[in-house]
Amino acid sequence: MLENLFVGIADWLRSLLGGLGTPVEINEAIVMLVKLVAILVFILINALWLVYMERKVAAYMQARIGPNRVGPKGLLQTTADIGKLISKEIVIPGKADKVVFLLAPVLIFVPTLMVFAVIPFGKNMAAIDMNIGVFYLLAIASLSTLFFWMGGWASNSKYSLIGSMRVVAQMVSYELPLVLGLLGVIMIAGSLKMSDIIAAQEHTWFIFTQPIAFLIYFTAAVAETNRCPFDLVEGESEIIAGPYTEYGGMAFAMFFLAEYANIMVICAMATIMFLGGWHAPFGLDFIPSWVWFFLKMYALIFVVMQLRWTYPRIRVDQLMGFSWKVLVPLALANIFITGIGMKIYQAIGW
Amino acid sequence: MPAISLTHYVVLSALLFSIGLFGVLTKRNAVAVLICIELMLNAVNINLVAFSKYVTPTDFIGQIFSIFVITVAAAEVGVGLAIIIAIYRNRLSVNLDDFDWLKW
Amino acid sequence: MKEKIAPVEEIKQKFGYIEVDEQKAVNVPAGKLLEFMQALKDEYELDFLTNLTAVDYPEENKFEVVYNLTSTTKAYGLMVRTGVDRENPVLPSVFPIWGGANWQEREVYDLMGIVFTGHPNLKRILLDDKFEGHPLRKDFQWEGGRE
Amino acid sequence: MFGQGLIKGLQITWKEFWAKKFTVQYPEEQHPVPERFHGKFVLDVDKCIACGLCANACPNKVITIEKQKVGKKQYMTGYIMNIQYCLFCGLCVESCNKDALHYSKDFNMNQYFYRDIPLVLVKREAPAEPEEEEQPAAKAEARPKAKPQAKAEKPAEPAANSEVAAGKVPGKEGE
Amino acid sequence: MLRTQEYFLNFGPQHPSTHGVFQIILTLDGERIVKAEPVCGYLHRGIEKLAESRTYTQVIPYTDRMDYLAAMLQNLGYVQAVEKLMGIEVPERAEYLRIISGELSRLASHLLATGVYALDIGGFTGFLLCFRERERVMDLLEELTGSRMTLSYARIGGVADDAPEGWLDKVKKLMDDMPGYIDEYNGLITGNEIFQARTKFVGQLTPETAINYSLSGPVLRASGVNYDLRKVRPYGIYDRFDFEVPLGENGDCFDRFYCRVREMQQSVRIIQQAIEQIKEVDGPVIAKVPKVLKPPKSDVYHEIESAKGIIGYYVVSDGSNKPYRVHVRRPSFINLGYLDEMLRGYLIADVVAILGSIDIVLGEVDC
Amino acid sequence: MLVEFAMQHAWLVPLLPALAFVIIVFLTRPFRKLSAIVAVGSMAVACFFATLAAYGIFTNHEYIEKPLVYATRWFSLGLPGMPDLRVDVGVQLDPVSAMMLFMVSFIATFIFLYSIGYMEGDPGYSVFFSYLSLFGASMLLLVISSNLLQMFVAWELVGLCSYLLIGFFTHKISAREAAKKAFVTCRIADFGLLLGLLALQIVFGTLNLTELAEKIEHFEEYTTFGMLTLIAVLVFIGPIGKSGQFPLHVWLPDAMEGPTPVSALIHAATMVVAGVYLVGRTMFLFHEVPSAMQLVAVTGGFTALFAATIAITQREIKRILAYSTVSQLGYMMLALGVGSLTASMFHLWTHAFFKALMFLGAGSVLHALHHKADVWEMGGLYKKMPITTWTFVIGGLAIAGIPPFAGFWSKDEILVAALNGGHYVLFAMAAFTAFLTAFYMWRMIFLAFFGEENPANHPHESPWTMTLPLVVLSVGAIGAGWLGTPWYNIWGEWIKFGHPHHGPVNYGAMLLSIVLAAAGIYLAYMLYLKDAKKKRARKMAEWFGPVYRMLYNKYYIDELYLWFNHALVDGTARLFYLFDIYVVDGIVNGIGAFARLSGDGLRVFQSGRIQNYVLIFFLGVLAVAVLMAFTGPSAASLVLGGVK
Amino acid sequence: METSIYSVIAFYGLAITILGNATLVVFARNIVHSVLFLAVTFIAMGGLFLLLDADFLAAVQVLVYAGAVCIMVVFGIMLIQRADMKATNQFNRQIFAGGGLVALVVAMCAVFAGRTAWTELVAAQEVPAGTVQFIGELLLSKYVIPFEVAALLLLVALIGAIVIARDEEVKANAGD
């Protein structure tokens, strides 16, 4: 029952609308709209929660207890922060490119939200199960670079400029190992469709068949989201806050939240591609599939956070070198080995 | 309202191509010329895909061709920008009117 | 507290123009400063310029620039003083001998107003470039403090 | 092998994640304040003889002692510390021969208005008439900020100190 | 790395990793530094001028305000200079208390330097863990002196107060715990490959350069120059303790950082020995000195090994009760003198790494 | 057995230094000491082989009569005019070449050794040794050649090495100029030699020495006497240049800019005598042409006197030695000219020892005085540099012709040969030259080594690598002449042209030469040592003012050449220059101008702006499209040139 | 063939977006704005491809054009930035000549488009769903050589761009 909670709600909505006698297309459109709004709300709440979680995790690792005043155990801290930030003025620097400056924080959420359209949170729980799902996701995700850059560029500040240079260089260079890391999985699954990939992991998760690919993907993904140890886009000890230096108030909060939404995307993606998606391990399928999905996703998010609060930041030349000299060759080797392995597998014909 | 036919796409493509051509002919900034060339290439892609859909829907030749076009476009932008940057470093200008060394 | 001081007597014998006082500190005429310092570094391994500062003596109409040298190999030190005319406070820079004089001479220039010729970048370091006067001089007057 | 340090770091943060937290929830819990804490100043007015040693010892000219001559005797009408300039070095407390000036453990000296910042330890009117000796001097006087227990007992002291209070008037800022 | 036109970047004065109000005007080519012009003086308070209108004792609190992270060492240098000027013998117990509090100050300063360096490189957790221990050190100092940072504990002729009851045991306990903590920092910060990649072979200083530019403290010793005043010219009673001087090999940022970490271990050793020895010493903690100090007309220069390097006091007396001139050789100030040459050719991120490894405190730089 | 091996493999002797050259250049150049060791070692081994070979030759009489030739075909081709051109390459061992082989390798070994000390600290140390090795190889190849063309190749190689070594101190302008001068002067001479060789080849069809010797004996079968005379004169031009005979001697003094070992080796002992050697080798040719012999004799005699007079006034130590060399070379030529190969070769042999010795001694002095060359600024060196001084004195005695030193015997031999040949004028010139030689040599010795010490100098004795060769060579300078005393002339048994002739011992000539030498030395002593202030010398110079100046300026021959060069060569060149500018360039420029004018017309369309081109391009595209649209594809392809 | 009203609306919407943004690309004063408009054009083009049943191509369009080409251009602009970005994208002197030519081109295209009988060309088939598989198979079988050549081209362009844009290393004391 719990398993089909969300699917059931959608069906119920359809039947309700069907009872109203409106045309099917409009019904579908309404259902789609509801789905998207639900995802939107879900993402935003999750982002808020993740901010809180990050602060708590950080605090616990640093021998302190973190937010604890607003709400029980400080749960409403982020909400309060958002309230504060909303009430603040967004200061537009004098020489900024005003339109672009204001557009960037708005647009930064767009690719993230669009990506969520194809992510299956549970059995039959994708808004759209697209034929080229993975590819779509990568294509859309690559857009966010531009929006980061817009923010940094439009601020017309040197720190922002350096930050946007770094953002562009970093995200472009890490996209390659990211895609190459996923290729191994796609080769084995033989499909770009998310549901196919998850179905292919019913018995063995790809993390076991593709461990190197997982590491490559995870590293590159952490870098894609500008998280520590690859957070030199906003490396606060060097360039203040990179592209966000001149942003304040809600505009800054948008960037901030988008970062957490992006973490969710990469962790969800890793869950889908490597951790078997919503498949339950050890046959524990009495727990609903979406619970499993979120469990895996949050475990990964925790790892991302722990990485951030453990490691120092690497330098920009090391960052580039790491991508081009380590990850990309490794990923290519992995693809090669995967191809050979598949051939052998087919030849043996297990 | 008439259904969308091949003509629509051809006209759209022609208009886009013309806009791109206008940019190529009249922009002073080398980077602007480069991106206008991209517009022209996109116009070509529209044609290719539209013909592919309407004329040979099962062969995908047009689509494959436009994939190659995109590839070439990406390469072209990369090399073009590199050249522009190299020129800029020597001349501190990206103004095409300044680039008249072809003239002796 | 045992003070280890460089062989002053020997130095005195070698360089007739210096004066040694009871603290075994050395007074050098400004004209011979660079030559003497170079000799100290080369021959007595006083390779470490710990301190460089100046004192204002308006009654005697002079600034006294004080150099404290130590040796990283011999573990002894030496204080060298030299007097500068207060009206025309110009002294050769010891930057070519000890790079450590770089900022210290700038500081002395900034606060005491002694000009070190030959310094590569002699400009104010602690105070604002537009500041007038040199505050560590005894006759410096400044309005705007508390009360 | 490369990566050992990385894994070791993760182990440490993981361990710390579960370790005891050091946070002290301030208003509810408090660190014990040590005996010698340099907090807010307290003046035992009855012990004070307004000698001015503390004002002299102060490197930053924080202490202002106001005295008024009542008849033949000096009478301290005010002991004000411009606490915003205080270095909390403790030289004034050390210099006090009569053990009148103390630190308290109260560290909260913030004020809403700037004009409230000076720490007024004594502020009182001088008696109108030169009173006879042994008269409880300032008992009736308005002492708005002084500690109540200070004025309650020891009536004899203020009279006595007026003879001794010959120390220099706090020097002006010379430079 | 692609080249751009050279442009300026104001690194500071309001910047998270300049350790205070310090400014570096960077001339950049892409992210590479072509020229760096340090600008200091934002915290200049004229302490040397102020000292001329204070009595000898009254100068002590001002010395606190220079290197406020290791205030006791600043006090110590000054009072020892004045004692040298006047020829005052300091009681034994006071000497031990000076050593203990001084080394605790050094510990606090190095803990901060270690933690902040981790923060500079980007690791926040190391920073807070170091602060956790620094808090304990400062609690101890507070218990001893009443203040946490600006101690004003030393007095001419001794120290302000004897140690309170049970304090030495608390110090001993902390000292027993310290090695474990230091291991934790080494695991979290020092041993981290990313940290090493960021700091090794960055900002290398040859021993010759370091000596020539009068650099001191861990910056000098990281270049392999064995020059620690506590060993070379022991002042106070440092000759009674057995400790080593940690030296670096490459003179790079990592060595400077790691020198501090190892110096903490040596400080712990010194404090442990001092606690053992102080038990046998009893007596006053301050010598008999006149109320009004009037040193003979003379001048003196005295230098000690502070946490940041060699701090030296040049005191001139004209026979009155106020010093005629006080000059402080501030290690942070002089260590910064070579910054420009050190930074050239490195990236912006290395600016932070190099500046952090020099471990400056702006109160001292600007005086 | 070893001797036989050495004789059969005499080609090893030049090969070893050549190998050393290759090794130094390609392998050991970065290692200075190793380079030196390789060079000296290879030369020492070569010397060893040469000694064995010479021993073999001189102990087997058959070889003295008939040369030992090992030859192989170098190349053969048919040319118009020379239908079957065959050139052999090989070694020819006979007493002359064996003597030379031994002498060259022996002296070279010690000079190499000397160079180790002398060149210490020079940045081009290894390069120097590689050049030296190459020189040694070339010189030995020259000596051992069985073929004149092969010899010519070696001759040119020697010239090249001389050029490289004179200009070795490339940082000195004078050295570079001197090298150029030497090279150009020698090339002028070599041109004559080459012409001569060509004529020989054309006329006799071979250049092999043995074959030529046979054929020239019967030259009437091939050519006329006039032609033979011409050939002889042409061939003699080469030695004039190389051996510094009168008109082309100018390069030799200037060549002293090179390092002193080079001067000693090349410009005193070995290379410069190559000319003498060549004439000696081709004696069969000159023998047939008396007028050519006359020319040789007169040239030699005149050069000897002429150079000696110049040497009197020179001040630089190496320059004096250089002119003395020229003078002594003239002696050798003179001896050849009067027909005595024996005397010539004997003087060559002794001269090599004492002149090398003196050059090395001079080098030692220069080394000690940091290249202060003026003899007037020296003085009293004997106190500080005993070995150098006394070996130098031995050299001076030898060259002056004081018995029993080597020079006496050989010079006496020449004088006797001239007298016996009936050339009385030449004899007188030679005798006067002997007097002058003694005078200027001892002038130099007295000035440089004795007398008052110059306080500005701080001389010191040279290292053993430099003094050892001095000592060894001084032994040679004493004893080398004992091979050919008039009483027992074993030299004449070995080295001879035709039959050895034993005249009676001419005591008169012997006495005359001793007296002349002693008089020269005494005059020098009076003028330069006895008279401490050298007043008399100065007065003499004033007295002979114009003569002195002329001598001091070497008869203005260099200036003459310069003027000649300036007037004639430059004048002709100016003419050609004008022709080039107005006629040749005029044609070329005319063609260019046509192209440029037509280009100017078309240039209007070339704005350089790419967008302009795009515009024009698209206009064209449009035109073609319109054409296609309204006329069909065929017309368009007509325009575009496409295939229908 | 397309009968759905949505597709008509979508086509016109996308066409207007494309043309409008393309015009803005050409007429924007600030080169940065030009590039941003270009990105919008590209994304809309992706939509147009979706409309043309080329979903893979649409993703490629967004990935390559919007995600890579635009970024590259943007990076290039950063390297050649100027103080007055507002006047970085101006017209040159041949604006009228160019305009005239473009008008001619448009006219010619209009004539041709009008004269051609497009409907005769149109095939009566639908595009099969899931184009990826077909394109993939074609690329790796029939068109494998052009595919490889394209890969080579990209490699050459990559290396070429690096070689052209690279500068001499700055003399630095950094050891990287």
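Just so it is clear, the values below take in all heavy atoms, side chains as well, and ignore hydrogens, waters and symmetry mates. Chain identifiers are assigned alphabetically (A, B, ...) following the order of the sequence lines, protein sequences preceding nucleic acid strands; residue numbering begins at 1 within each chain.
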Between CG of G:Asp53 and NZ of B:Lys53, what distance do you get to the nearest 0.5 Å? 4.0 Å
Looking at CG of G:Asn21 and CD1 of G:Ile16, how far apart are the two atoms once the value is rounded to the nearest 0.5 Å? 11.5 Å
Evaluation steps, side-chain contact (heavy atoms from CB on, under 4.5 Å), between G:Val40 and G:Ile43: CA-CA 5 Å; G:Val40 179; G:Ile43 293 165; 5.8 Å; no
Considering only heavy atoms, which portion of B:Ile19 lies under 4.5 Å from any heavy atom of chain G: side chain, backbone, both, or neither? both
Best-contacting candidate, G:Val69, G:Val105, G:Leu101, G:Ile18, against chain B by heavy atom pairs under 4.5 angstrom: G:Val69
So, B:Tyr9 versus G:Phe11, ring centres under 6.0 angstrom or not? yes
Who passes side chain to side chain donor-acceptor pair (under 3.5 Å) against B:Ser13, sequence neighbours left out? B:Asn47
Interface residue of largest heavy-atom contact number with chain G, from B:Thr71, B:Ile35, B:Ile67, under 4.5 Å: B:Ile35
Is B:Ser18 reaching over with its side chain to a backbone N or O of B:Ala14, donor-acceptor style, under 3.5 angstrom? yes
So for G:Val64, is it side chain, backbone, both, or neither that comes closer than 4.5 Å to the heavy atoms of chain B? side chain
Portion of B:Ile46 that has a non-hydrogen atom of chain G nearer than 4.5 angstrom: both
Can you tell me how the ring of G:Phe42 sits relative to the ring of G:Tyr65, calling it parallel under 30°, perpendicular over 60° and tilted otherwise? tilted
What part of B:Val24 gets closer than 4.5 Å to chain G, counting heavy atoms only: side chain, backbone, both or neither? neither
For the interface with chain G, which of B:Glu76, B:Gln63, B:Lys27, B:Glu38 has the highest count of heavy-atom pairs at distances below 4.5 Å? B:Lys27
Got a second to check how far G:Ile135's CD1 is from G:Tyr143's OH, nearest 0.5 Å? 11.0 Å
Side chain, backbone, both or neither: which part of G:Met45 has a non-hydrogen atom closer than 4.5 Å to chain B? side chain
Can you tell which of G:Cys109, G:Ala22, G:Ala110 has the highest number of heavy-atom pairs within less than 4.5 Å of chain B? G:Ala22
Counting heavy-atom pairs under 4.5 Å to chain B, which of G:Leu138, G:Leu158, G:Val156 comes out on top? G:Leu138
Could you tell me which residues satisfy ring pair (Phe, Tyr, Trp, His ring centres under 6.0 Å) with G:Phe37, sequence neighbours excluded, listed by chain and number? none
Does any backbone or side-chain atom of G:Ala68 lie under 4.5 Å from a heavy atom of chain B? Answer side chain, backbone, both or neither. neither
Using heavy-atom distances under 4.5 Å, tell me whether G:Phe96 contacts chain B through its side chain, its backbone, both, or neither. neither
Below 4.5 Å, heavy-atom pairs only: which of G:Leu19, G:Leu154, G:Leu153 has the largest tally toward chain B? G:Leu19
In terms of heavy-atom pairs under 4.5 Å, which option from B:Leu6, B:Val49, B:Val79 contacts chain G the most? B:Val49
Please flag which part of G:Thr23 lies under 4.5 Å from any non-hydrogen atom of chain B: side chain, backbone, both or neither. both
Identify which part of G:Ala28 has an atom lying under 4.5 Å from any heavy atom of chain B, answering side chain, backbone, both or neither. backbone
Distance in Å, B:Ile85 CD1 paired with G:Ile77 CD1, rounded so as to fall on 0.5 Å steps: 10.0 Å
The interface call for G:Ile95 against chain B, heavy-atom contacts under 4.5 Å, is both
Could you tell me which of B:Leu21, B:Ile70, B:Val31 has the largest number of non-hydrogen atom pairs under 4.5 Å with chain G? B:Ile70
B:Leu12 vs G:Leu48, side-chain contact (heavy atoms from CB on, under 4.5 Å): CA-CA, chis, key distance, verdict: CA-CA 11 Å; B:Leu12 174 63; G:Leu48 203 69; 3.5 Å; yes
